[in-house]
Trainee: 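One structure coming up, written as structure tokens, with questions to follow.
Just so it is clear: chains get the letters A, B, ... in the order the sequence lines come, proteins before strands, and each one is counted from 1.
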Amino acid sequence: MRKVEKAAEQKTTAPYDFRATEAKWQRLWRESGVFEAKAEPGRPKYYVLEMFPYPSGKLHVGHIRNYTMGDLVARYRRAQGFNTLHPMGWDAFGLPAENAAIAGGVHPARWTLDNILTMREELERMGFAYDWPREIATCHPEYYRHEQKMFLDFLRAGLAYRKESWVNWDPAENTVLANEQVIDGRGWRSGAIVEKRLLSQWFLRITAFAEELLEALGGLERWPERVRLMQENWIGRSEGARVVFEVDGGVGPVEVFTTRHDTLFGASFLALSPNHPLALKLAEKDPELARFIAECDRLGTSEATIEAAEKRGYKTGFLARHPLEESRRIPLYVANFVLMEYGTGAIFGCPAHDQRDLEFARKYALPVIPVVLPEGEDAAGFAIGEEAFVGEGVHINSGFLDGLSVAAAKKAAAARLEALGRGESATAWRLRDWGVSRQRYWGTPIPVIHCKICGIVPVAEKDLPVRLPEEVNFDIPGNPLDHHPTWKHVSCPRCAKAALRDTDTLDTFFESSWYFLRFCSPRAAAAFSAQEVGYWMPVDQYIGGVEHAILHLLYSRFFTRALRHCGYELDCDEPFEGLFTQGMVCHQTYQSSAGEWLFPEEVSSDGKGRLVDRGGALVTVGRLEKMSKSKRNIVGLERIVETYGADTARFYLLSDSPPERDLEWTESGIEGIWRYVNRLWRLVNEPPLPLPPAGAQPPQGEGPRHSLARRIHKTIAAVTEDLDKFRFNRAVARIRELTNAIEEAFRSEGGGAEVLRFGLETLCRLLAPMMPHLAEEMWQALGGKGLLAAQAWPKADPELAREEEVTIAVQVNGKLRATLMMPRDSAKGELESAALALPQVARWLAGRAPKKTVVVPNRIVNIVG
RNA sequence: GCGGGCGUGGCGGAACCGGUAGACGCACUGGAUUUAGGAUCCAGCGAUGCAGAUCGUGGGGGUUCGAAUCCCUCCGCCCGCACCA
């Protein structure tokens, strides 16, 4: 007997063959077409979408985390009976392709298409349930032609217009730089000091929808609160007033926007943005001011840099007249922290009640006049120290506003300003119109022609798409479309005289603002089919990184509205009904002794617990950081999939870290999953006890394995709820608990093997959205019929999941002193007397009589003595 | 600078609505098995203490019978800021 057992033990299966298994199921899924969706009017649909990737070359685990979650949702919803759409494509225009062309001489199209090829293969190896026939790439003329038409429609509707705006200019390369290409005020390649330059560019009038975009946020119930908040702040509606200050010396009035017009009597200076027309005008006769402005321009266009810079001002020598106090004059400054893009590009400073103004006033020795008195302070003794007072109070030192509250003073001040013709109530928005012109090659050509005689002439729709020229030279600095020998030279569609194409291309956010519509009918002759979009839209669940919380999502929300406005047949305003923003994937960073960043695979242990590089030199272990190319802390997908298979990688990405939080990639973590994969495989491939045939009903009522049945039902209920709420890490924990419970039940004595089979089958179904290949293989090994991918999601029976007994915590004076098993839903009185009868309670009461007892049914009894 | 977020064992995290802190996993320790390594199985694993017990959720304070959870305050870290996508 002993020997037999031993022989059985030694019959250990070879490790789970993920290579063959994963390839097999991927083939079967593809051949069966289970994941290809067709609109079926009347049947409930579910549109799952992950933010499509930029084809940068290789997928990394950050992408995979995103797609694993999307795939889970797609498979889960399909199992629940929804007609599920789950497409994938490529956000294929962008700067990196152009950089590659400059650095390596590869054509951007070639580079992009090659990358797509590799990345698609990698996605296929992950076994994601995509509807591949719907794949799109935005660099394809059949995609961007529709975008060009949209642009022309926007133009016709007055939603696209031209205006001058600032860009980062690299004087050495004669190129416009992206903010990320400006490092410490210098061009990343040339090292030349970057300047700000004015350029005439195309803008989309997103501000026309500001109010609506703000209002509608309230209806986005399945969006994370913080994303809505961020968008709200980004749109930034503020109620205030425009105030006109006359300036002595005949240089014209200055208009400011303020939200604190109640504090006008505390004004001690006026400040213009360095780009304010008046500042520029004054600079013409003031070389020192011109120098100051030039210095400010050197900061570049990034708001973060400008606002974080030391606050500086230049005193113009001009004096402005106070609008409410005839005799008063305040100095006119030009200040580097005043943004031309917000309000009117000019502010008045009230140092007593604004921290930034206070710092400015202290620096330039300007008066600080308190005009709002906090409650409990007396007017004579109140002075401003290090901190401006921004709270509520009563006005002082303010003429006709004295004694009024902040709100009342605002009203009164606005009324007086209006009566005097020196201002009025106004609303300002932080949101600015969307600049869409890019002086680059690898983007959608803007379909307009500039004619000396006719002005701006749209390209006729029959002539769309305006294609990018294929031959392009990246050796000459600047915009390749602009210096292309022939491309831009055309005849004007209106007067037939020689004219020039617009040589700018569209911002790549343009493509991602409507791709979710294209996916509904990816090969339609029009941008999208109204019928298909009508069925599939809105996206039920959108998943992507928080880094897109504002721009991409806001632009998409704007696009659906703008398209409707232009007559596109679309019946939703909000493209994304549900949104989930997942955290980033982080990894330790490594640096060589020379300070170079090292890839994780270049680092190994020297056997003495130290990390060394390939040459054996010691490696500095840096911080845990977001995976990025520049820090080289990237874990490539290939190696992981090669070593452990797709399912292991997927399950790892779902385990442990909550999806919205950052995840740390560790090698030991993935090994743990690999062991679990094999454990599962052994469990069905050679179960410790023979299983009854498929289809046998589990026995009802009390049996030796009845508690396992209860556990199974509880697990189904818990996992279902966790998946609904995006608590994937918890669902994983519940599934592992069930696995442990099944193994334990195998070891315990007695009959009821049907419950074991029921447990294993349930395990397969619950695992199916997470480790689909393994789950299919297990399902098949158990004798399940057909594809598991087409099986229904299990349903928990609340009757069978209910516990008959509960553990009651017993506290004395709030400290846990004992526990108590009681029938569930026992009455308060019963719980109380059972608790009081416990010897531990008597001991901790130490003879005192209980003063009070708090009883929470099914939870605790707290005796206060 | 402005806006958003996070902080619980050695590590990732769990704890539903204020009710047994540390589920599940990683790492580690001991044991079994093994020629060995690996794998597997069993047991242990917040800190202090022989123990009774005490302390413990970034720091400090508060509300409550009871706080990881609510309030105030301080500290640290991360993300976004309009031409990266």
Side-chain angles (χ1 to χ4, degrees), chain A residues 6 9 12 15 51-54 56 91 93-96 99 167-168 176-182 224-227 229-230 232-234 236 301-311 337 341 355-356 430-440 507-509 512 545-552 554-555 583-584 586 623-626 655-658 660-664 666 668-673 675-676 678-679 682 718 721 725 727 729-730 732-737 740 807-819 851-854 856 858-864:
Chain A
K6 215 165 189 180
E9 258 171 46
T12 42
M51 291 180 184
F52 66 162
Y54 176 76
S56 56
D91 190 10
F93 275 138
L95 210 42
N99 292 334
V167 294
N168 298 310
V176 177
L177 297 179
N179 281 334
E180 71 157 11
Q181 298 174 321
V182 181
E225 181 64 36
R226 60 182 167 141
V227 174
L229 244 173
M230 281 158 101
E232 192 180 317
N233 290 326
W234 186 263
T301 58
S302 152
E303 194 177 311
T305 323
I306 294 169
E307 290 211 39
E310 190 201 350
K311 309 283 171 277
F337 61 89
E341 288 81 14
Q355 193 58 34
R356 202 160 52 176
R430 215 186 72 93
L431 183 68
R432 310 200 294 259
D433 277 338
W434 172 15
V436 293
S437 297
R438 296 290 181 272
Q439 295 69 43
R440 312 198 187 287
D507 178 9
T508 58
F509 272 122
S512 54
V546 235
E547 65 272 22
H548 292 291
I550 298 175
L551 293 181
H552 161 59
L554 193 63
Y555 291 156
M584 295 172 305
C586 299
R623 298 192 356 215
L624 200 64
E625 282 189 76
K626 168 182 168 176
S655 310
D656 294 353
S657 287
E660 68 278 9
R661 236 188 271 180
D662 291 352
L663 173 136
E664 184 192 356
T666 65
S668 56
I670 190 117
E671 274 165 15
I673 306 290
R675 287 199 294 271
Y676 176 61
N678 282 290
R679 209 172 119 206
R682 278 196 304 275
E721 196 193 336
K725 293 185 177 162
R727 295 191 298 217
N729 56 321
R730 271 176 41 141
V732 165
R734 298 288 91 85
I735 289 173
R736 294 190 82 132
E737 275 174 333
N740 294 343
T807 312
I808 304 293
V810 180
Q811 298 180 337
V812 178
N813 291 328
K815 291 204 175 194
L816 181 74
R817 296 304 180 190
T819 59
K851 278 189 228 149
K852 180 179 170 183
T853 314
V854 181
V856 182
N858 295 327
R859 283 199 194 272
I860 66 138
V861 178
N862 185 12
I863 295 152
V864 185

Trainee: Given that both distances must come in under 3.5 Å, which nucleotide forms a Watson-Crick or G-U wobble pair with B/C50?
Mentor: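 Its partner: none found.
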Trainee: My understanding is that only one of A/Glu310, A/Arg356, A/Glu307 makes a side chain to side chain contact (heavy atoms under 4.5 Å, CB included) with A/Phe337; could you say which?
Mentor: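 That would be A/Arg356.
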Trainee: Of the nucleotides B/A21, B/A39, B/C78, which one has an atom closest to the side chain of A/Leu816?
Mentor: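 Selected nucleotide: B/A21.
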Trainee: State which of B/A85, B/C84, B/G4 makes the closest approach to the side chain of A/Glu180.
Mentor: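 So the side chain of A/Glu180 is nearest to B/C84.
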Trainee: So, is A/Asn729 close to the B/A23 phosphate, meaning a side-chain N or O under 4.0 Å from OP1 or OP2?
Mentor: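 The answer is no; no side-chain N or O of A/Asn729 sits under 4.0 Å from OP1 or OP2.
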Trainee: Please answer whether the main-chain N or O of A/Gly814 pairs with a side-chain N or O of A/Arg817 as donor and acceptor at a distance below 3.5 Å.
Mentor: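 No.
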Trainee: Considering only B/C81, B/G13, B/A85, which nucleotide approaches the side chain of A/Arg661 most closely?
Mentor: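 So the nucleotide nearest the side chain must be B/G13.
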Trainee: Please confirm whether the shortest side-chain N or O distance from A/Arg438 to OP1 or OP2 of B/C84 is below 4.0 Å.
Mentor: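 No.
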Trainee: Please state how far atom CG in A/Leu431 lies from atom C1' in B/G3, giving the value in whole angstrom units.
Mentor: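 In whole Å, B/G3 C1' and A/Leu431 CG are 15 Å from each other.
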Trainee: Under 3.5 Å, is there any donor-acceptor pair linking the side chain of A/Arg734 to the base of B/C24?
Mentor: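 No, no donor-acceptor pair under 3.5 Å.
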Trainee: Of the options B/G1, B/C16, B/C83, whose atoms approach the side-chain atoms of A/Arg859 most closely?
Mentor: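 That would be B/C16.
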Trainee: Is there a side-chain contact between A/Thr508 and the phosphate of B/A85, meaning an N or O under 4.0 Å from OP1 or OP2?
Mentor: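 Yes, A/Thr508 has a side-chain N/O under 4.0 Å of OP1/OP2 on B/A85.
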Trainee: Which nucleotide sits closest to the side chain of A/Arg675: B/A85, B/U20, B/U40?
Mentor: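 Nearest listed nucleotide: B/U40.
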Trainee: For the side chain of A/Asn179, counting heavy atoms from C-beta on, which of B/C83, B/C24, B/A14 is nearest?
Mentor: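 The nucleotide sitting nearest to the side chain is B/C83.
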Trainee: Does the side chain of A/Arg226 get closer than 4.0 angstrom to OP1 or OP2 of B/G5 through an N or O atom?
Mentor: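 No, no such contact exists.
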Trainee: Specify the glycosidic conformation (syn or anti) of B/G12, with syn defined as within 90° of 0.
Mentor: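 Nucleotide B/G12 adopts anti.
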Trainee: Among the candidates B/A85, B/G19, B/C78, find the nucleotide nearest to the side-chain atoms of A/Asp662.
Mentor: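 Given the options B/A85, B/G19, B/C78, the side chain of A/Asp662 is closest to B/C78.
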Trainee: In terms of relative ring orientation, are A/Phe509 and A/His548 parallel, tilted or perpendicular, with 30° and 60° separating the classes?
Mentor: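 It falls in the perpendicular class, over 60°.
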Trainee: Does B/C16 have a Watson-Crick or wobble partner in any strand here, with both distances under 3.5 angstrom, and which is it?
Mentor: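 Its partner is none (no Watson-Crick or G-U wobble pair with both distances under 3.5 Å).
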Trainee: B/C83 C1' sits how many Å from A/Tyr54 OH, rounded?
Mentor: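 Going from OH in A/Tyr54 over to C1' in B/C83 covers 14 Å.
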Trainee: Under 3.5 Å, is there a donor-acceptor pair between the A/Asn729 and A/Arg661 side chains?
Mentor: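 No, no side-chain donor-acceptor contact under 3.5 Å.
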Trainee: By nearest heavy atom, map A/Met230 and A/Ser437 onto RNA chain B; which one lands nearer the 5' end?
Mentor: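 Nearer the 5' end of the strand: A/Met230.
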Trainee: Of the candidate nucleotides B/C83, B/C26, B/G4, which contains the atom at the shortest distance from the side chain of A/Val167?
Mentor: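 Nearest nucleotide to the side chain: B/C83.
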Trainee: Look at the side chain of A/Glu721 and the base of B/C16, then say whether one donor and one acceptor between them are separated by less than 3.5 Å.
Mentor: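 Between B/C16 and A/Glu721, which were checked side chain against base, a qualifying N/O pair under 3.5 Å is absent.
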Trainee: Provide the Watson-Crick or G-U wobble partner of B/C28, both distances under 3.5 Å; none if there is no partner.
Mentor: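 Result: B/G44.
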Trainee: What's the closest nucleotide to the A/Arg736 side chain, out of B/G25, B/C81, B/A85?
Mentor: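 Comparing B/G25, B/C81, B/A85 against the side chain of A/Arg736, the answer is B/G25.
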Trainee: Going through the checks in order, is the side-chain contact (heavy atoms from CB on, under 4.5 Å) test met by A/Ile735 and A/Tyr676?
Mentor: CA-CA 11 Å; A/Ile735 289 173; A/Tyr676 176 61; 3.7 Å; yes
Trainee: In whole angstrom, give me the gap between the P atoms of B/A36 and B/A21.
Mentor: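 Result for the P pair: 45 Å, nearest Å.
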Trainee: Measuring from the side chain of A/Leu229 (C-beta onward, heavy atoms only), which nucleotide among B/U20, B/G4, B/A82 has the closest atom?
Mentor: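 The nucleotide sitting nearest to the side chain is B/G4.
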Trainee: If I take atom CD in residue A/Glu307 and atom P in nucleotide B/A82, what distance separates them, rounded to the nearest angstrom?
Mentor: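 Atom CD in A/Glu307 sits about 10 Å away from atom P in B/A82.
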Trainee: Give a yes or no on whether a donor-acceptor pair under 3.5 Å exists between the nucleobase atoms of B/G12, that is its base, and the side chain of A/Asp656.
Mentor: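 Check passes, donor-acceptor contact within cut-off.
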